[in-house]
There are 2 protein chains.
Amino acid sequence: MRESDHSKSAGGRLLSPAGRANDRRVADEDYASRLREAITGGQFLPNERLIENDLAELLGTNRANVRTALARLEQEGLVVRERNRGAHVRLISHEEAIEIVEARAVLEGLTARYAALNATDEEIAELRGIMQELKGYYEAGGLLQYANVNVRLHQTIVRMSRHAMAAKLIGMLKSQSVSFQYRSILAPGRAECSLKEHTDILEAIAARDPERAEQTMRAHLDHAVEALCRVIESGHGTWHHRRTG
Amino acid sequence: MRESDHSKSAGGRLLSPAGRANDRRVADEDYASRLREAITGGQFLPNERLIENDLAELLGTNRANVRTALARLEQEGLVVRERNRGAHVRLISHEEAIEIVEARAVLEGLTARYAALNATDEEIAELRGIMQELKGYYEAGGLLQYANVNVRLHQTIVRMSRHAMAAKLIGMLKSQSVSFQYRSILAPGRAECSLKEHTDILEAIAARDPERAEQTMRAHLDHAVEALCRVIESGHGTWHHRRTG
DNA sequence: GTTGGCTAAATTGTTAACATAATAGCCAAC
DNA sequence: GTTGGCTATTATGTTAACAATTTAGCCAAC
């Protein structure tokens, strides 16, 4: 018998059933995406078993496609599979969470550099707009919205860099989203610090100064690493090592 | 009819048929590895079509496993798949090659930093040994062996860092091996410069100076980027845009 | 009460067959 | 000689069935 039934509790259908009809991409890429979002979005709990039949029904497809999707997600490190024992959601350890943010630090430093080199005036204006939003939520004390806009800001800079490889690698890290398990932005004083750092980054990019853009971005994420470490030490990591199947 | 028959010309069986019997990992990971090595090793030409049936026979398995293996490799960016049109080996563009080395630069900078922090005395001795080898091949003019030892040196530093995430990301980049398509080490003067830079890196790590280790590693790979750019501009990229299926 | 093995259920692994789409070859018309 | 459409072939997409393995439940023996 199954150890838990959360996949059922996730309910009904998962995201859009198909949408795109005649896309050139293969279908299982789409299935993988939907599964990825379901997992990172918290539809499945860490360590929860992923039964191929259930997933096939949930995604509205067959086991073969689920299988290839799971292979992709295992490649990404989002799920683990063992021979004859199936797949389960991977639990991100504390050490790994730190490493993820560290890797983000250097990669996003690279994108900040290229954003400073490649950004158009319109894009910089867009960035300023997002920055204003961020400031607004900070002053209003809406930390959860702050976190969301924060993500969008970083994504925008990555897009502005036009560095496909860095974008891809960062995307893989994002999928193993740490911010879902650890809410380090909630740490006292972190938001204020974060806001100032973002201002510095924006200024460097607007000034088309690649060197400073990279440095400020790295500094920002290095501080994020430190904040994460404090959260971990204080033991506030969300459901970590609590439910170990 | 098939457009080319190189998969047959690759001949017989591909690497070890199985080897490990009761491994905990799922089998298709192994198939993916063997395919990966075959592609990066040059068994298949860039842009060559990969027919599922042929691969299944070649790997000694069924189409389902080949399919999941291909999904993995597509995830890695080593092959491309289009709906109803199958998979083919991905050709690495000039821009992408540069981006790969740039990403390596920042990620290996990170590993150099942690290598300086975490390396044992034995490992530093090992590094010195590799360095001696490198010097030997340089003085003897064996540039191909130099390139091989060069790879080993970098791998060793990555291992010494104990940074699993950086290692994983770098591994993905390595699989899209640029050095196979472009032999930038053959560029005039590059080897000499490379040798000195490696010495700097080693000294920084041996001195347990993380800051300098990162800087020297980045400088080294930034120079590698420049060398690659020169090779590309001079049009010496190996079989690039020559045979486009 | 715990340990041991045995049986049944559940889940994954593998294979084959069929359906569908793309490609190549061919023939006729201009 | 070239273009256009038709047909046969090839390769992929999908599904189902069966085999092998693990897991859970159960009963008896100590």
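Per chain, numbering begins at 1; letters A, B, ... match sequence-line order.
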(request) Could you check which nucleotide pairs with C:dG4 in any of the strands shown, counting Watson-Crick or G-U wobble with both distances under 3.5 Å? (result) D:dC27

(message) Rounded to whole Å, how long is the line connecting atom CZ of A:Arg81 with atom C1' of D:dT21?
(response) 16 Å

(request) For the side chain of A:Arg85, starting at C-beta, report the closest nucleotide among C:dT14, C:dT12, D:dT23. (result) D:dT23

(message) In whole Å, I'd like the distance from the CD atom of B:Glu82 to the P atom of C:dA22.
(response) 11 Å

(request) Return the minimal non-hydrogen interatomic distance between B:Arg190 and B:Ala227, and the atom names on each side. (result) CD-CB, 3.4 Å

(request) Take the protein atom NE2 of A:His88 and the nucleotide atom P of C:dT12, then report the distance between them rounded to whole Å. (result) 13 Å

(request) Would you kindly give the CD1-to-P distance between A:Ile51 and C:dA9, to the nearest whole Å? (result) 18 Å

(request) Salt-bridge test for A:Arg90 and A:Glu76: reply yes if a basic N is under 4.0 Å from a carboxylate O, no otherwise. (result) no

(message) Applying side chain to side chain contact (heavy atoms under 4.5 Å, CB included) to B:Leu70 and B:Leu55, what does each step give before you reach the verdict?
(response) CA-CA 10 Å; B:Leu70 285 175; B:Leu55 295 181; 4.2 Å; yes

(message) Using the side-chain heavy atoms of B:Glu52, tell me which of these nucleotides is nearest: C:dT12, D:dG13, D:dA11.
(response) D:dG13

(request) Apply side chain to side chain contact (heavy atoms under 4.5 Å, CB included) to the pair B:Arg72 and A:Glu74, showing each step before the final yes or no. (result) CA-CA 9 Å; B:Arg72 273 174 190 274; A:Glu74 186 188 21; 2.3 Å; yes

(message) In this structure, how many angstroms lie between the P atom of C:dT11 and the CG atom of A:Leu50, rounded?
(response) 13 Å

(message) We want to know whether A:Glu108 and A:His154 form a side-chain donor-acceptor pair, criterion being a heavy-atom distance below 3.5 angstrom.
(response) yes

(request) Would you indicate which nucleotide in C:dA21, D:dT14, D:dT22 comes nearest to any side-chain atom of B:Asn84? (result) C:dA21

(request) Rounded off to whole Å, could you give me the CZ-to-P distance for the B:Arg67 and D:dA11 pair? (result) 14 Å

(request) Taking atom types as modelled, find out whether B:Glu102 and A:His163 have a side-chain donor-acceptor pair closer than 3.5 angstrom. (result) yes

(message) Tell me the interatomic distance from B:Asp54, atom CG, to D:dA11, atom C1', rounded to whole angstroms.
(response) 10 Å

(message) Could you tell me how far apart A:Arg83 (CZ) and D:dT23 (C1') are, to the nearest whole angstrom?
(response) 17 Å

(message) Out of the candidates B:Thr111, B:Leu107, B:Leu110, only one should pair with B:Val158 under the side chain to side chain contact (heavy atoms under 4.5 Å, CB included) rule; please name it.
(response) B:Thr111

Close N/O contacts between protein and nucleotides 15-19 of chain C (under 3.5 Å):
unit_1: C:dT15; atom_1: OP2; unit_2: B:Asn62; atom_2: ND2; d: 2.6

